[in-house]
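Fair warning: this is a prediction, and the values are worked out from it, not measured in the lab. Reminder, nothing fancy here: chain letters follow the sequence lines and each chain counts from 1.
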Amino acid sequence: MRRRKSTSPRPTNRRPDPPAPRLADGTGIPRGPRFMNVLNRLRAAFGAVTPEGGDPQVFRAAVRATADPKFGDYQANGCMALAKALQQNPRELASAVREAVDLEPTAGKPEIAGPGFLNVRLHDEWVAEQLSVLLNDPAHGLTPPESPRTVVIDFSSPNVAKPMHVGHIRSTVIGDSLARIFEALGHKVVRDNHLGDWGSQFGMILWGWKNHRDDDAYATDPVAELSRLYRLAQARIKAGEKEVEEAARAETAKLHAGDAENRELWTRFMPFCLKALQTIYDRLGVRFDVELGESFYDPMLAEVVADLEAKGLAEESEGATVAFVAGMKAPFIIRKRDGAYNYGTTDLATIRYRGQTWDPDQVLYVVDSRQGDHFKQLFDVARRWGYDGAALEHVAFGTILGADRKPFKTRDGDVVGLESLLDEAVAEARKIVDANSPGIDPETRGRIAEIVGLGAIKYADLSQNRLSDYVFDWSKMLAMNGNTATYLQYAYARIQSIFRRGEIRPEQVRERRPPLILTHPAERGLGVRLLRLPEVLELAALELKPNILTDYLFDLASAYSTFFEDCPVLKAESAERRDSRLALCDLTAQTLKFGLGLLGIDVVDQM
RNA sequence: GCGCCCGUAGCUCAGGUGGAUAGAGCGGCGGUUUCCUAAACCGCAGGCCGCAGGUUCGAAUCCUGCCGGGCGCACCA
C-alpha cells in the first residue's frame with residue numbers, strides 16, 4: 001500500500017496500538033464486564049509470543065480479520081515473513097507460536113493452515129459475553145486512548161461571496177466525517193473552516209460592484225448579485241481582458257492596504273455571505289469550532305515574510321519574494337511582485353497560529369488533490385521554518401465528474417450549485433418514499449425524504465476511496481440496495497419495525513440483559529461483526545478514509561439482512577431465543593445509528 | 001519536459017503493512033412473499049487485476065520500464 005506523503009515528521013506516525021490492558025491477576029485475561037477491542041486483544045496475545053529474533057510490532061500487526069469465514073474469524077500471518085527472515089520452516093514456527101500463545105477466554109488454540117497461517121476462531125461464549133456488555137455500553141465499545149491527540153481539521157473552506165457548488169461537498173463531507181471519527185475515538189478535534197474571504201476573488205467582486213452592480217438585484221438577494229458580479233469579472237478576465245484583470249487586482253491590493261471604501265464594502269458584504277453559508281451547513285448538519293478565514297491572518301503576513309527573510313528561507317526572484325523547495329522547479333511565492341501576499345503566505349501564518357494556539361499533534365487539510373504541489377511546498381517551508389511539531393497532512397480527494405467523465409456541470413454548462421444538488425436529491429428520495437410508503441403521512445414522508453436524500457449524497461461521497469475521481473450518478477446514489485446509505489437506513493428501519501410490532505422498547509431488552517445465543521450461522525455472523533466497530537474506526541482514523549467505515553456498515557447491514565431472512569425474531573421458537581434475537585437487533589440498530597452518525601447521516605424509524 | 005494521481009467483471013467501484021480460490025453493487029439469467037418492511041433475500045454467469053520484466057515460499061499490492069487516461073507546474077486560491 002502506498003503511504004501518504006508526509007512531508008513533515010509524524011510524531012505518532014504509525015500510531016502504536018493501544019497498549020494491552022493492565023491486568024490485576026497477571027494472567028493476560030481481562031476480568032469483569034468490560035468490552036475489549038477484539039483485534040487489539042489478539043494482537044497483544046500474539047505480540048507477546050513473538051518468536052526470538054522477530055519484531056513484536058510487526059508480528060502483532062500481521063494479525064487481522066480473515067477475508068474468508070472458512071478460515072475462522074481472525075488470522076495471524078506473521079510466521080511466514082518471519083520464517084523467511086530467520087531462515088526457518090514457517091510451519092514449525094507457526095507450531096511454536098501456536099503452543100505458546102494464550103488466547104483464552106477469547107479463543108482457543110489457533111489452527112495452522114497453508115504455508116503457516118494461524119487461524120483464530122472466537123469462542124461463541126466469549127462473543128456472546130462481549131455482546132452483552134456492548135448492549136448496555138453507551139460508548140459502543142470504544143475506550144479512551146492512552147494519549148489523546150489534538151487534531152486540527154481544515155475542511156470545507158469555501159470562498160465567500162459566491163454560492164457553494166458541487167466541488168465543495170467532498171471537502172465538507174469528508175472533513176466532517178473525519179472530525180466525528182476522531183472525536184468518537186476520544187481525540188481532541190478542532191474543526192476549522194478556513195474561509196476564502198480575502199483573496200483576489202474579492203477584488204473581482206469589488207471591481208464588479210463599482211462598475212456593473214444592479215442595486216435592485218442586490219436588495220433582493222445580495223449573495224446572488226455578488227455572485228453574478230464575481231462570475232462576470234471572472235469571465236472577462238478569462239476572455240483575456242487585461243484591463244479588467246489589472247483593475248480587479250488593484251481593488252484587492254487596495255482592500256489589503258486598508259482602503260476605506262473597500263474595507264467598508266467588505267464589512268458590509270461579509271454578513272450576507274456568512275449567513276448564506278450557514279444555511280447550507282445547518283442543513284448538512286456540519287459545524288465548526290472556528291471559522292478563521294484568510295482575513296483573520298492578514299495582519300500577520302508582513303511579519304511572516306520578514307521572519308522568513310530574516311531566517312534566510314526566502315529570497316527575491318523576478319520581483320517576488322519566494323522560497324525554493326528542493327526538487328521543485330516552481331518557487332513557493334509568499335509575496336507577489338506587486339507587494340501583495342497570497343495564499344501561501346496565509347497558509348504559513350495559519351500554521352504558526354495553530355501551533356501557538358492549539359499545539360496540535362496532527363493537522364489535516366481536506367483539500368482537492370490538485371493542490372498537492374502547493375501543500376508539498378507549504379509543508380516543506382513550514383518545517384524548515386521550525387513548525388515541525390505537528391504532522392501536516394494533505395487529505396487529498398479526486399474530482400466529481402459527470403456521466404461524460406468531465407467535471408460535473410449542469411446541462412447549461414454551469415457549475416452545479418450545492419443547494420440545488422441537495423434539493424434534487426431530496427426530491428428524488430421523496431418520489432421513492434411516496435411510491436413505496438403511501439401509508440405514511442405526507443409530512444413524515446417529507447422528513448424521511450430529507451434524511452434519505454442527504455444521506456444518499458453524503459454516503460456516495462464517503463463510500464468511495466477519496467483519491468479517485470468519482471462519477472456522479474443519481475440512480476446509483478439513491479438505489480435501494482447495494483452499498484448506499486438507503487440500504488443501511490432501511491436495515492435500521494426494519495429493526496425499529498420489529499420493536500413496534502412486538503410492542504417492546506429496546507431499553508426493556510437492554511435492562512433484561514438476555515444471554516446471547518449464537519448457534520445459527522446468521523446469528524453468529526452478525527454477532528462477530530458487531531464486535532468489530534472499534535477496530536474499524538481505529539483503522540479509518542489511521543488511514544484517514546471514511547470508506548473503511550462505510551464498507552464495514554454495509555457488511556454489517558448485509559449480515560443483518562441475512563439474519564432477518566433466516567431468523568424470525570418475534571416468532572422465535574422460545575422466549576430465550578426471542579430475547580437474544582431482540583438484543584442482536586438492538587445492537588445492530590445501535591451500531592448502524594452510531595456509525596451512520598459518524599458519517600453525518602441520520603436514520604429514520606420507518607421509510 | 002518535470003511532478004502527482006489513476007488503470008481490477010459489460011458499467012460503477014472495494015481490495016490494511018505483500019498472504020490462502022481477487023470481492024461488492026448495478027445490469028443479465030434463474031429462484032424466494034399464507035411469515036417481523038420484497039427499498040429485501042438466495043443462486044448462476046461474467047476477470048491475462050493496462051502490458052512486459054524483476055524481487056520471493058507467495059504480487060492486484062513492492063521495484064524498473066513501457067502503454068493509456070486525469071490533473072498540476074511563477075505571482076488565482
- Message: Please report the distance, rounded to the nearest Å, between CD1 in A:Ile498 and C1' in B:rA40.
- Response: 12 Å
- Task: May I ask you to say what A:Met328 touches in the nucleic acid, namely base, sugar-phosphate or nothing, with a heavy-atom cut-off under 4.0 Å?
- Result: nothing
- Message: Within a 6.0 Å radius of atom CD on A:Glu503, are there more than 12 heavy atoms belonging to other residues, nucleotides or ligands?
- Response: no
- Whole-Å distance between B:rG16 P and A:Asn40 CG? 19 Å
- Task: For B:rC6 versus B:rG70, give the span between their P atoms, rounded off to a whole number of Å.
- Result: 16 Å
- Task: Determine, for A:Arg445 against A:Asp441, whether the closest basic-nitrogen to carboxylate-oxygen distance falls under 4.0 angstrom.
- Result: no
- Please test A:Glu309 against A:Arg335 for salt bridge (Lys or Arg N to Asp or Glu O under 4.0 Å), starting from the C-alpha separation and ending with a verdict. CA-CA 11 Å; A:Glu309 284 178 315; A:Arg335 184 170 52 206; 3.2 Å; yes
- Under 4.0 angstrom, heavy atoms only, what part of the nucleic acid is A:Arg337 near: base, sugar-phosphate, or nothing? base
- Task: Report yes if a side-chain nitrogen or oxygen of A:Arg494 is closer than 4.0 Å to either non-bridging phosphate oxygen (OP1 or OP2) of B:rA38; otherwise report no.
- Result: yes
- Query: Which value, in whole Å, describes the distance between the C1' atoms of nucleotides B:rC42 and B:rA24?
  - Reply: 16 Å
- Counting only N and O atoms by type, is there a donor-acceptor contact under 3.5 Å from the side chain of A:Asn547 to the main-chain atoms of A:Thr550? no
- Message: With a cut-off of less than 4.0 Å, is there a side-chain N or O of A:Lys545 near OP1 or OP2 of B:rG15?
- Response: yes
- Winner on side-chain proximity to A:Leu467, out of B:rC6, B:rA39, B:rG19, is B:rC6
- Check every strand shown and say whether A:Ala493 touches a base, only sugar-phosphate, or nothing at a heavy-atom separation below 4.0 Å. base
- Where the side chain of A:Asp373 is concerned, which of B:rC36, B:rG3, B:rA39 is the nearest nucleotide? B:rG3
- Task: State plainly whether the residues A:Glu450 and A:Arg447 are in salt-bridge range, i.e. N to O under 4.0 Å.
- Result: no
- Message: Applying a 4.0 Å non-hydrogen cut-off, can you work out what A:Ser317 is touching in the nucleic acid: base, sugar-phosphate, or nothing?
- Response: base
- Write down the distance between CZ (A:Phe202) and P (B:rA77), rounded to a whole number of angstrom. 14 Å
- Winner on side-chain proximity to A:Ser437, out of B:rU37, B:rA39, B:rA40, is B:rA39
- Examine A:Arg505 relative to A:Phe499 and say whether NZ or CZ is less than 6.0 Å from the centre of the six-membered ring and inside a 45° cone about the ring axis. no
- Side chain of A:Ala320 (C-beta onward), nearest among B:rA39, B:rC35, B:rA74: B:rA74
- Would you mind reading off the distance between A:Lys84 atom NZ and B:rA59 atom P, rounded to a whole angstrom? 11 Å
Restricting both atoms to N or O, compile the protein contacts to nucleotides 68-71 of chain B shorter than 3.5 Å, with distance only.
none

- Query: When all nucleic acid strands are considered with a 4.0 Å heavy-atom cut-off, which category describes A:Gln371: base, sugar-phosphate, or nothing?
  - Reply: base
- Would you say A:Arg249 reaches B:rC76's phosphate, i.e. side-chain N/O to OP1/OP2 under 4.0 Å? yes
- Query: Using atom P of each nucleotide, how far apart are B:rG1 and B:rC62 to the nearest Å?
  - Reply: 25 Å
- Query: Is A:Val471 touching bases, backbone alone, or none of the nucleic acid, heavy atoms closer than 4.0 Å?
  - Reply: sugar-phosphate
- Message: Regarding A:Ala65, tell me which of base, sugar-phosphate or nothing describes its non-hydrogen contacts under 4.0 Å with the strands shown.
- Response: base
- Query: Is the closest basic N to carboxylate O distance between A:Asp461 and A:Arg170 below 4.0 Å?
  - Reply: yes
- Message: Would you call the rings of A:Trp266 and A:Trp198 parallel, tilted or perpendicular, taking 30° and 60° as the class edges?
- Response: perpendicular
- Task: For A:Arg91 and B:rG58, give me the distance from atom CZ to atom P, rounded to whole Å.
- Result: 17 Å
- Any side-chain donor near an acceptor of the partner, A:Thr321 and A:Glu316, under 3.5 Å: yes
- Task: Let me know the distance between NE2 of A:His394 and P of B:rG72, rounded to the nearest Å.
- Result: 13 Å
- Thinking salt bridges, do A:Glu245 and A:Arg249 make one under a 4.0 Å N-O criterion? yes
- In whole angstrom, give me the gap between the P atoms of B:rG53 and B:rU61. 14 Å
- Remember a base hit wins even if backbone is also touched, and classify A:Cys79 as base, sugar-phosphate or nothing at under 4.0 Å, heavy atoms. nothing
- Sticking with atom C1', work out how far B:rC4 lies from B:rA40, rounded to a whole angstrom. 43 Å
- Query: Just checking A:Asn547: base, sugar-phosphate only, or nothing, at a heavy-atom cut-off of under 4.0 Å?
  - Reply: sugar-phosphate
- Task: Could you give me the CA-CA distance, side-chain angles and deciding distance for A:Asn483 and A:Tyr459, then say whether side chain to side chain contact (heavy atoms under 4.5 Å, CB included) is met?
- Result: CA-CA 9 Å; A:Asn483 190 4; A:Tyr459 195 92; 2.5 Å; yes
- Task: Both distances under 3.5 Å, Watson-Crick or G-U wobble: on that basis, could you give the dot-bracket string for RNA chain B, with [ ] for crossing pairs and | for other-strand partners?
- Result: (((((.(..((((.....[...)))).(((((.......))))).....(((((..]....)))))).)))))....
- Message: Using a strict threshold of under 4.0 Å (side-chain N to carboxylate O), is an ion pair present between A:Glu523 and A:Arg581?
- Response: yes
- Message: Once hydrogens and angles are ignored, does a donor-acceptor distance under 3.5 Å link the base of B:rA74 to the side chain of A:Glu318?
- Response: yes
- Task: Could you give the distance separating B:rU21 and B:rG58 at their C1' atoms, to the nearest angstrom?
- Result: 14 Å
- Message: side chain to side chain donor-acceptor pair (under 3.5 Å), that's the test. Do A:Ser468 and A:Asn465 meet it? Break it down for me.
- Response: CA-CA 6 Å; A:Ser468 33; A:Asn465 185 319; 4.6 Å; no
- Message: Would you measure the distance from the C1' atom in B:rC63 across to the matching atom in B:rA22 and give it in whole Å?
- Response: 22 Å
- Nearest whole angstrom, please: distance from the C1' of B:rG72 to the CZ of A:Phe332. 15 Å
- List the steps and the verdict of side chain to side chain donor-acceptor pair (under 3.5 Å) for A:His194 and A:Tyr365. CA-CA 10 Å; A:His194 192 73; A:Tyr365 294 81; over 6 Å; no
- Separation of B:rC36 atom P from A:Arg505 atom CZ, nearest Å, is 24 Å
- Task: Give the nucleotide from the list B:rC41, B:rC36, B:rA39 with an atom nearest to the side chain of A:Thr562.
- Result: B:rC41
- Query: Hey, is A:Glu565 close enough to A:Arg494 for a salt bridge, meaning N to O under 4.0 Å?
  - Reply: yes
- Item | Comparing A:Gly199 and A:Asp605 on RNA chain B - which has the more 5′ nearest nucleotide | A:Asp605
- Query: Does any donor-acceptor pair link the side chain of A:Tyr343 with the base of B:rA77 at a separation under 3.5 Å?
  - Reply: yes
- Query: Centroid-to-centroid, A:Tyr487 to A:Tyr490, below 6.0 Å?
  - Reply: no
- Query: What distance, rounded to whole Å, do you find between the two C1' atoms, one in B:rA74 and one in B:rU55?
  - Reply: 42 Å
- Taking protein heavy atoms under 4.0 Å as touching, what does nucleotides 20-27 of chain B look like 5' to 3' if B marks base contact, S marks sugar-phosphate-only contact and - marks none? BB--SSS-
- Which part of the nucleic acid, if any, lies within contact of A:Ala81, taking any heavy atom under 4.0 Å across all strands shown: a base, the sugar-phosphate backbone alone, or nothing? base
- What does A:Val58 touch in the nucleic acid at a heavy-atom separation under 4.0 angstrom: a base, only the sugar-phosphate, or nothing? nothing
- Task: Map A:Gln606 and A:Glu294 onto RNA chain B by nearest heavy atom, then report which one ends up closer to the 5' terminus.
- Result: A:Gln606
